[in-house]
**Q** 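Take this structure first; my questions come after.
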Amino acid sequence: MTINYKNYDFQKIEPFWQKKWLEEKTFRAENEGSNEKYYVLDMFPYPSGAGLHIGHPEGYTASDILARYKWANGFNVLHPMGWDAFGLPAEQHAIATGQHPSINTENNIHRFRQQIQSFGFAIDWGREVDTTNPHYYRWTQWIFLQLFKHGLAYVGDKPVWWCPELRSVLANEEVINGRSERGDFPVERKNLRQWVLRITEYADKLLQGLEDIDWPDSTKRQQIAWIGRSEGLELDFEIIPNGPKISVYTTRSDTVFGVTFLVLAPEHEFVERVTTPGNREKIQEYINNAKKKSDLERTDLAKEKSGVFTGGFAKNPFNGESIPIWIADYVLISYGMGAIMAVPAHDERDFEFAQKFNIPVKQVIIASETQSQGSILATEESQNSESKTQESLPFCADGILVNSGEFNGLATEEAKKQMAQRAEQLGFGKRAVKYKLRDWLFSRQRYWGEPIPILWIERSHYDRALAEKKAYFLDKIPARVVSYKKDGVEWCAIPVSEEQLPLKLPETDTYLPSDDGESPLAWAKQWLNIFVNLLTGEISTEPQTGFIPAVRETNTMPQWAGSCWYYLRYMSPDCEKSLVDHQAETYWRSPDFYIGGAEHAVLHLLYARFWHLFLYDVGIISAVREPFRKLFHQGIILGSDGNKMSKSRGNVVNPDEVIRQYGADSLRLYEMFLGPLDAMKPWSTQGIEGVYRFLKKVWALYVDGDGEVKEFLAEDDMAIDRLLHETIKKVTEDIEALQFNTAIAQMMIFINAAQKVGISRQVAIVFLQLLAPFAPHIAEELWARLKEPFSISKAKWPTYDALKLVTDQVKIVLQVNGKVRDEILVDSDATQEIIEKIAWQQSRFLTFLSGKRIARKIYIPGKILNVVVD
RNA sequence: GCUCGGGUGGUGGAAUGGUAGACACGCCAGACUUAGGAUCUGGUGCCGCAAGGCAUGAGGGUUCGAGUCCCUCCUCGAGCACCA
């Protein structure tokens, strides 16, 4: 079953075996069996028009090595691939060409599939998923309806990020420094009716879930920071005289005696109430200016604090002090209470503000004794303590309370506790937990996404259906009605009946959104305005008896939706009765290993966890709470100039071209040999020559000049045998630790030695097995030529014999004062005594000892003898 | 600004506190060749003829011994960026 030729002809070998693996379904995973399961997951790609990028196969090769290694260790391995195919580029292409985005998407998928297959990955192609396939997005829509039913999807007229260039709303996560993540266009604030998912409900669960999963620390930290949980106190400051109470949120209640002013966000409801007539004009002017500024400007100009005194005062509930009230745009209406108690002595921002406007600074925290070490510094400080105190403010660390009445002397932590108790007892405050996490803005005014399967009906119809308890959706709606008002009519959301899923995209003349934020789906009037039978859920385009008018939701879901659950779909991609077959889910549970780019640290990985936790909570899935137990981010491959690859820089490497020149095995090997998997590293076109030569050496070791497989007559060689076992050990351990670069280096060491002395057939067989996960085509070809049974990937992974690693003699390094001076070869069981005896016969070593007094001798068994002299 | 993670030959990178620079690229010399951008052999951190000395961003410290641990600083990268 092999091809007969002399040279390492990867252009023939690789397609041959790729075809064979596909035809024989060599890597098909079964949803049951006595073998232990292993689920290796790659972040599935967006099939862009540009084709596969050289960065894609880095992660895929790593996961493939792991998958093949697990196959060889007897696991039932699931290693699937699919397409995250909804998204903006396909839609923009459609707008430009007038062609339906599905055509372009299909072409791109076809190209991606071919490219990925040309790497010979051990993928179960029978489980391919495509998020734009109605059989798939039927379940994405179904999950949305479950979120809706459980009150986790609602609509709100919300200030959202609107990108005029993209004509679309973006999620908070998609906006970076006031520009769109995709395309880098400016964005602005706009009020629009939007679907929102209540991810904040899951803030604590998302936080707790991070504790026992094996993820990169930086990714966990990013999610923790994004969720932004803080514990603090809500405190009421009464407006003087007799006004309502302004609630502020603080995490530093221990500094409350140091409050010297309050700040309200310009949008705060009490601004008008506290402003005195004399200040009205400039307050109004400030508010107007703040409104005009986009959020970008507001944060950009934040280097200099700005604000205006309202003329009003409020009472500090702890000490009764009268506190001036200011407004300033460094206080955000969207976080906490939209108002703060300012403690300039112990907060940098408040300090900066107080300095600028000459507001008093009152210190109430001092550093605790234990913190002031470093005696020299302390002495200098004490000489000039007056000015030093001023300079060291703001002091933002924890410490001991002063100037705080009965709380004096308490440490920060204890003071917070007691103050919270006091506030709660006397009713002017309560403990509170706040999050930076906002609800997930889930609608997009785009064509190429999953239609949101919701119908809008008038309130009266909705109420009647509920009152009569006769409607198909009675058990599928949230406890609180989701509705909105337009032109005096209140519209209520009801789900499209499940029988009508998938709700497919309508045909339209144009894929362009209107410039006022209406989705392109609104162009399809026939589809948009319909009649629904509330008893059956049937839909009609014409009025009928028993049918009432309804309007379809025109927004589509964001691209993140489809990727929130694809790893579940791989388990049973053809399941018609549910999103995942129960038995399959029980068997596969969740991916054992997940690899993909670090750029998804807070977007995809947070959203997917949210959906998974939800599905688990409501019992739709049951195996595990957290979807991704072990996560790894491969590093980015840069261009050979050290810059990020980009068309404009002209430093893009095309994988097709590399495969044509060097073969997929070389490319796989090279990407793994470049450096540590998680490191950012530059591509080198010359560098690939090294691994290519290595494979040619392997070939030459196995195949003679006539193209015949060698007879491997070499005698068993102790040294080669030991090296082989060292190599088994190293490669096995390195694969487990994902250190593929050093595994490959070890195989190179082996081949360099083997080509000098020759190897026996047994050694030849074992080495091929080690090579197979990395360079599967050449390994499979030589395996077949050795007449070993197909496929090498299923042959039992070799184990090393610890006895063979033992050597007769060991090298002992002789050091004087830690410097290498000589080395000796001794029997490996030699005692320190014997070693010293031999050492003292070495003339070179002795020259460094002559005339010196020996103070100490340190012997590290089998390695080093270090002699310490004066 | 804050929080992480890095800085090792000409290059990519190896090194449980124990011989720094594995492996590879590149380069130099040689062999085989009509030819070499194929292959093979040897060499290749820096200074020095050598003995030896100096070397892991800089400077200190701990240690018999530090790329590795601790402190200060410089620098590159990532994340966060008025979140009270």
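Quick note on labels: first sequence line is chain A, next is B, and so on, each numbered from 1. The analysis underlying the following values was restricted to heavy atoms, covering all of them including side chains, and did not include hydrogens, waters or symmetry mates.
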**Q** If we take the C1' atom in both B:G60 and B:A51, what is their distance in whole Å?
**A**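 Their C1' atoms lie roughly 32 Å apart.
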**Q** I want to verify a distance call: between B:C82, B:A84, B:C23, whose nearest atom is closest to the A:S230 side chain?
**A**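 Given the options B:C82, B:A84, B:C23, the side chain of A:S230 is closest to B:A84.
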**Q** Taking the C1' atom in each of B:C74 and B:G52, what is the distance between them to the nearest angstrom?
**A** 33 Å
**Q** Specify the separation, in whole Å, of atom CD of A:E733 and atom P of B:U16.
**A**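 My rounded result for the distance is 12 Å.
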**Q** Looking at B:G1, which nucleotide sits across from it as a Watson-Crick or G-U wobble partner, both distances under 3.5 angstrom, or is there none?
**A**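 Base partner found: B:C80.
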**Q** Under 4.0 Å, heavy atoms only, any strand: does A:V820 hit a base, just the sugar-phosphate, or nothing?
**A** sugar-phosphate
**Q** Could you tell me how far apart A:R252 (CZ) and B:C82 (P) are, to the nearest whole angstrom?
**A** 20 Å
**Q** Distances under 3.5 Å between protein N/O atoms and the N/O atoms of nucleotides 27-38 of chain B, please, pair by pair.
**A**
none

**Q** Would you indicate which nucleotide in B:C82, B:G12, B:U19 comes nearest to any side-chain atom of A:K305?
**A** B:C82
**Q** Under 4.0 Å between any heavy atoms, over every strand shown, what does A:D347 touch: base, sugar-phosphate, or nothing? Just pick one.
**A** nothing
**Q** Under a 3.5 Å cut-off for both contacts, is B:G59 paired Watson-Crick or G-U wobble with anything, and if yes, with which nucleotide?
**A**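 Its partner is B:C71 (Watson-Crick or G-U wobble, both distances under 3.5 Å).
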**Q** May I ask you to check whether A:F261 and A:F353 place their ring centers less than 6.0 Å from one another?
**A** yes
**Q** So, is A:R821 near the phosphate of B:G53, with a side-chain N or O under 4.0 Å from OP1 or OP2?
**A**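 Checking A:R821 against B:G53: at least one side-chain N or O falls below 4.0 Å of OP1 or OP2.
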**Q** Categorize A:I860 for me: base, sugar-phosphate, or nothing, with a 4.0 angstrom heavy-atom threshold over every strand shown.
**A**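 Here A:I860 touches the bases of the nucleic acid.
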**Q** Would you indicate what A:D217 reaches in the nucleic acid, counting non-hydrogen atoms under 4.0 angstrom: base, sugar-phosphate, or nothing?
**A** nothing
**Q** Checking all strands, does A:S334 fall into the base, sugar-phosphate, or nothing category for heavy-atom contacts under 4.0 angstrom?
**A** nothing
**Q** For A:K819, answer base if it contacts any base atom (sugar-phosphate contacts may also be present), sugar-phosphate if it contacts only those atoms, and nothing otherwise; contact means non-hydrogen atoms under 4.0 Å.
**A**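 Sugar-phosphate contact only.
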**Q** Looking at the side chain of A:V331, which of B:A84, B:A14, B:U19 is the nearest nucleotide?
**A** B:A84
**Q** Does A:Y249 make a side-chain N or O approach to OP1 or OP2 of B:A84 shorter than 4.0 Å?
**A** no
**Q** What's the closest nucleotide to the side chain of A:V813 if the choices are B:A84, B:A14, B:U19?
**A** B:U19
**Q** If we check side chain to side chain contact (heavy atoms under 4.5 Å, CB included) with A:I224, which of these qualifies: A:L206, A:L207, A:T219?
**A** A:L207
**Q** For the base of B:C64, is there a side-chain donor-acceptor partner from A:K857 under 3.5 Å away?
**A**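 It does not, because no donor-acceptor pair links the side chain of A:K857 to the base of B:C64 below 3.5 Å.
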**Q** Check every atom of B:G18, B:C40, B:A15 against the side chain of A:Q755 and return the nucleotide holding the closest atom.
**A**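 Nucleotide nearest to A:Q755's side chain: B:C40.
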**Q** Scan every strand shown for a Watson-Crick or G-U wobble partner of B:A50, both distances under 3.5 Å, and answer none if you come up empty.
**A**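 B:A50 is unpaired by these criteria.
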**Q** Is B:G79 in the syn range, within 90° of 0, or in the anti range?
**A**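 Base orientation relative to the sugar is anti.
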**Q** Over all strands shown, is A:D350 touching base, sugar-phosphate only, or nothing at heavy-atom distances under 4.0 angstrom?
**A** nothing
**Q** Identify, between A:Q222 and A:Y435, the residue whose nearest nucleotide on RNA chain B lies closer to the 5' end.
**A**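 By nearest-heavy-atom nucleotide position, the 5'-most residue is A:Q222.
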**Q** Have A:S666 and A:Y8 got a donor and an acceptor in their side chains that come within less than 3.5 Å?
**A** no
**Q** What is the distance from NE2 of A:H633 to C1' of B:G79, rounded to the nearest Å?
**A** 12 Å
**Q** Roughly how many Å apart are B:G45 and B:A20, using the P atom of each and rounding to a whole number?
**A**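 Going atom to atom, P in each nucleotide, I get 14 Å.
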**Q** Base, sugar-phosphate alone, or nothing: which one does A:S218 contact when heavy atoms must sit under 4.0 Å apart?
**A**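 A:S218: no heavy atom of the nucleic acid under 4.0 Å.
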**Q** Check this for me: does any side-chain nitrogen of one of A:E726 and A:K730 sit under 4.0 Å from a carboxylate oxygen of the other?
**A**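 No, A:E726 and A:K730 are not salt-bridged.
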**Q** If only side-chain N and O atoms of A:R856 are considered, is one of them under 4.0 Å from the OP1 or OP2 phosphate oxygen of B:U63?
**A** no
**Q** What distance, rounded to whole Å, do you find between the two C1' atoms, one in B:G79 and one in B:G67?
**A**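 These two C1' atoms come out 27 Å apart once rounded.
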**Q** OP1 or OP2 of B:A14 less than 4.0 angstrom from a side-chain nitrogen or oxygen of A:N741, does that happen here?
**A** yes
**Q** Heavy atoms under 4.0 Å, any strand shown: does A:K697 hit a base, just sugar-phosphate, or nothing?
**A** sugar-phosphate
**Q** Take atom CD in A:E657; do more than 12 heavy atoms of anything else shown fall under 6.0 Å from it?
**A** yes
**Q** To the side chain of A:A745, which of B:C23, B:C82, B:A84 is closest?
**A** B:C23
**Q** Base, sugar-phosphate alone, or nothing: which one does A:L674 contact when heavy atoms must sit under 4.0 Å apart?
**A**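 Sugar-phosphate contact only - A:L674 comes under 4.0 Å of backbone atoms but never of a base.
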**Q** Given the C1' atoms of B:G9 and B:G77, what is the spacing between them in whole Å?
**A** 22 Å
**Q** So which nucleotide does B:U19 pair with, by the Watson-Crick or G-U wobble rule with both distances under 3.5 Å?
**A**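 By the stated definition (distances under 3.5 Å), nothing pairs with B:U19.
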**Q** With P as the reference atom in both, quote the distance from B:A24 to B:A15 in angstrom, rounded to an integer.
**A**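 So the two P atoms sit 15 Å from each other.
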**Q** Report which part of the nucleic acid A:Q815 touches: base, sugar-phosphate, or nothing (heavy-atom distance under 4.0 Å, all strands).
**A** base
**Q** Once hydrogens and angles are ignored, does a donor-acceptor distance under 3.5 Å link the base of B:U3 to the side chain of A:K220?
**A**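 No, the side chain and the base share no sub-3.5 Å donor-acceptor pair.
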**Q** Should A:L631 and A:D214 count as side-chain neighbours, where that means a heavy-atom distance under 4.5 Å?
**A**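 Not touching, per the 4.5 Å side-chain cut-off.
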**Q** Could you tell me if the side chain of A:E231 sits less than 4.5 Å from the side chain of A:K434, heavy atoms only?
**A**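 A side-chain contact under 4.5 Å is absent here.
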**Q** Taking the six-membered ring for Trp, are A:F428 and A:F318 closer than 6.0 Å centroid to centroid?
**A** yes
**Q** Is there a Watson-Crick or G-U wobble partner for B:A31 with both distances under 3.5 Å, and which nucleotide is it?
**A** B:U39
**Q** Could you state the CG-C1' distance from A:L638 to B:C76, rounded to the nearest angstrom?
**A** 13 Å
**Q** With a 4.5 Å limit on heavy-atom distance, are the side chains of A:L771 and A:F750 in contact?
**A** no
**Q** Any strand counts, and the cut-off is 3.5 Å on both contacts for Watson-Crick or G-U wobble. Which nucleotide pairs with B:U44?
**A** B:G26
**Q** Taking the side chain as everything from C-beta on, heavy atoms only, tell me whether A:L849 gets closer than 4.5 Å to A:W840.
**A**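 A side-chain contact under 4.5 Å exists here.
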**Q** If you measure from the C1' atom in B:U19 to the same atom in B:C64, how many Å do you get, rounded?
**A** 16 Å
**Q** Taking all atoms of both residues into account, what is the closest heavy-atom pair of A:G758 and A:I720, and its distance?
**A** O-CG1, 4.4 Å
**Q** Considering every strand and a 4.0 Å limit on heavy-atom distances, what is the contact class for A:S684: base, sugar-phosphate, or nothing?
**A** nothing
**Q** Hey, are A:K697 and A:N752 close enough side-chain-wise for a donor-acceptor pair under 3.5 Å?
**A** yes
**Q** Can you tell me how far C1' in B:U68 sits from the matching atom in B:G10, rounded to whole Å?
**A** 25 Å
**Q** Can you tell me the distance, in whole Å, between the NZ atom of A:K863 and the P atom of B:G17?
**A**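 Between P of B:G17 and NZ of A:K863: 11 Å.
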**Q** Taking any heavy-atom pair under 4.0 Å as a contact, classify A:Y692: base, sugar-phosphate, or nothing.
**A** nothing
**Q** Among the candidates B:A14, B:C64, B:C82, find the nucleotide nearest to the side-chain atoms of A:N866.
**A** B:C64
**Q** Identify whether any heavy atom of A:M680 sits under 4.0 Å from a base atom; if not, whether one sits that close to sugar-phosphate; answer base, sugar-phosphate or nothing.
**A**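 Sugar-phosphate only.
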**Q** A:R844 CZ to B:A50 P: how many Å, rounded?
**A** 14 Å
